[in-house]
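See structure below.
The sequence lines fix the lettering, A, B, ..., with proteins before strands; numbering per chain opens at 1.
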2 protein chains.
Amino acid sequence: MAKNKFTLFLGSKQLRKTPERYAILDKIFSINGHFDIESLHDMLESDSYHVSKATVYNTIGLLIECGLVRRHSLDNKQTKYEKIISNSPNHQHLICTECGKIKEVKDNEFSAYMNARKFTAFTTSYFQLYIYGICNNCLRKKKRVTKEKSIKISK
Amino acid sequence: MAKNKFTLFLGSKQLRKTPERYAILDKIFSINGHFDIESLHDMLESDSYHVSKATVYNTIGLLIECGLVRRHSLDNKQTKYEKIISNSPNHQHLICTECGKIKEVKDNEFSAYMNARKFTAFTTSYFQLYIYGICNNCLRKKKRVTKEKSIKISK
DNA sequence: TTTACTGCAAATATTTTGCAATATC
DNA sequence: GATATTGCAAAATATTTGCAGTAAA
């Protein structure tokens, strides 16, 4: 699994197998869904496992290179990460522009289509589809606010 | 066109129609392809049109809200912008992970597919597809370097 | 005349870097 | 023992904010 893959990767690049790197990998693979550097670092600290932010950034970089982590640069400038589970089906991301929450949807038809696509003068390594919109939760809240406003005005 | 749309937008929100805002809009619409805040600001300066960065950020925000500009948050943490031409067909982005260059491809099949897609408990407002890889130019350079290395080693 | 907007500088947030101490190989 | 990695603090980068002066309405 992930740990083996990382070990092989580090070995092949003559990089060192430090406890910090494995602790970060473990923590990431215990997280379901998306996370950012800050909260990952916080989680490690609250486990009383102290690592510097610099090391977290360094390790995340290695994990991305190694194919175990994916970075998402989202609009509204949040950067989020997620683990890559080897045989997890390709999924797309719905991002709520109100609350920032990310929902995943599988779309095999889309994935198949994209994987088959070739471009001239360009060699694809990966792709990301982001669908921005409003989740039902926020939509409900918004409607409520609008209603309240119109009540106030009509008074 | 763009200027009218912006004027209507500003009017409807009771925002002011300042020369700075129009100068920024004009400059953006003279740019083909993608740009970032820094280079946009530089272009204005080199036209001897001085505006503060704060105003550029402010105006870009309004233009996005108004639907005249689109923000792209790309991996390798560059934020790029592009104008939206009203009747331009939906296009996707190929991003070279080596040089950062962005190439556009039209894909009507994909756009039609996406526009027809509905999700449960989520109201889509827009989507972005990013395809990361290596452009032929960089691929050639990379191969050359690898070749040179192996020559050196074999010496 | 009112108050939104601008420029500037300072503040904030995020990521990178330099360096001495340390730990892996 | 050689050197890659760590932690820390400082630097670099990108964006936001506060405020006084200015200008659009």
Side-chain angles (χ1 to χ4, degrees), chain A residues 3 6-28 34-45 47-66 69-81 100, chain B residues 3 6-27 34-45 47-66 69-81 97 100:
Chain A
K3 209 171 284 188
F6 195 36
T7 301
L8 287 172
F9 172 82
L10 293 172
S12 73
K13 296 245 169 182
Q14 281 168 280
L15 299 171
R16 290 182 180 170
K17 300 167 192 74
T18 67
E20 288 84 357
R21 285 174 179 172
Y22 285 104
I24 292 166
L25 175 66
D26 278 350
K27 184 45 74 183
I28 288 174
H34 299 73
F35 62 91
D36 54 35
I37 297 288
E38 186 68 21
S39 58
L40 172 59
H41 187 248
D42 286 353
M43 285 180 214
L44 288 159
E45 290 291 333
D47 284 358
S48 312
Y49 194 94
H50 177 74
V51 251
S52 69
K53 282 255 184 81
T55 299
V56 176
Y57 276 105
N58 173 320
T59 303
I60 280 268
L62 294 174
L63 291 170
I64 289 169
E65 216 186 314
C66 170
V69 167
R70 177 173 298 140
R71 189 208 318 268
H72 295 289
S73 306
L74 304 179
D75 286 9
N76 40 301
K77 73 208 44 148
Q78 34 175 334
T79 302
K80 295 270 184 178
Y81 301 84
Chain B
K3 209 171 286 189
F6 195 35
T7 301
L8 287 173
F9 172 82
L10 294 172
S12 73
K13 296 245 171 185
Q14 280 168 280
L15 300 171
R16 289 181 182 172
K17 302 170 190 72
T18 68
E20 288 85 356
R21 286 175 177 171
Y22 285 104
I24 293 166
L25 175 66
D26 277 352
K27 184 46 74 182
H34 300 73
F35 63 90
D36 55 34
I37 297 288
E38 187 68 23
S39 58
L40 172 60
H41 187 247
D42 287 354
M43 286 180 211
L44 288 159
E45 290 291 332
D47 284 358
S48 312
Y49 194 92
H50 176 73
V51 250
S52 67
K53 281 253 185 82
T55 298
V56 176
Y57 276 105
N58 173 318
T59 303
I60 281 269
L62 294 175
L63 291 169
I64 289 169
E65 215 186 313
C66 170
V69 167
R70 176 174 298 141
R71 189 208 320 268
H72 295 290
S73 304
L74 303 179
D75 285 9
N76 38 301
K77 74 209 47 151
Q78 33 174 333
T79 302
K80 296 270 185 180
Y81 301 85
T97 50

Give me the distances for all protein-to-nucleotides 3-7 of chain C N/O pairs that come in under 3.5 Å?
residue, atom, partner, partner atom, Å
C:dT3, O2, B:Arg16, NH1, 3.1
C:dT3, O2, B:Arg16, NH2, 3.0
C:dA4, O4', B:Arg16, NE, 3.2
C:dA4, O4', B:Arg16, NH1, 3.2
C:dA4, O4', B:Arg16, NH2, 3.1
C:dA4, N3, B:Arg16, NH1, 2.9
C:dC5, OP1, B:Arg16, N, 2.9
C:dC5, OP1, B:Arg21, NH1, 2.8
C:dC5, OP1, B:Arg21, NH2, 3.3
C:dT6, OP1, B:Thr18, OG1, 2.9
C:dG7, OP1, B:His50, O, 3.3
C:dG7, OP2, B:Ser52, N, 2.9
C:dG7, OP2, B:Ser52, OG, 2.8
C:dG7, OP2, B:Thr55, OG1, 2.4

How long is the straight-line distance from [atom2] of [Y] back to [atom1] of [X], given to the nearest 0.5 Å?
X: A:Leu44; Y: A:Thr55; atom1: CG; atom2: OG1; answer: 10.5 Å
X: B:Ile60; Y: B:Ile37; atom1: CD1; atom2: CD1; answer: 4.5 Å
X: A:Arg21; Y: A:Leu62; atom1: CZ; atom2: CG; answer: 5.0 Å
X: B:Thr97; Y: B:Leu74; atom1: OG1; atom2: CG; answer: 11.5 Å

### Task
Kindly say if B:Thr79 contacts the phosphate of D:dT15, meaning a side-chain N or O under 4.0 Å from OP1 or OP2.
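Yes, such a contact exists.
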### Message
Is B:Tyr57 close enough to D:dT16 that one of its side-chain N or O atoms is under 4.0 Å from OP1 or OP2 there?
### Response
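No, outside the criterion.
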Calculate the interatomic distance between [X] atom [atom1] and [N] atom [atom2]; express it in whole Å.
X: B:Ile64; N: D:dT15; atom1: CD1; atom2: C1'; result: 13 Å
X: A:Tyr22; N: C:dA23; atom1: OH; atom2: C1'; result: 15 Å
X: B:Glu38; N: D:dT15; atom1: CD; atom2: P; result: 10 Å
X: A:Ile24; N: D:dT5; atom1: CD1; atom2: C1'; result: 11 Å

### Task
Indicate whether the side chain of A:Asp36 and that of A:Ser39 have a donor and an acceptor atom separated by less than 3.5 Å.
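Side-chain D/A pair, A:Asp36 to A:Ser39: present.
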### Query
What orientation do A:His50 and A:His41 show, parallel under 30°, tilted 30 to 60°, or perpendicular over 60°?
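Ring orientation of A:His50 relative to A:His41: perpendicular.
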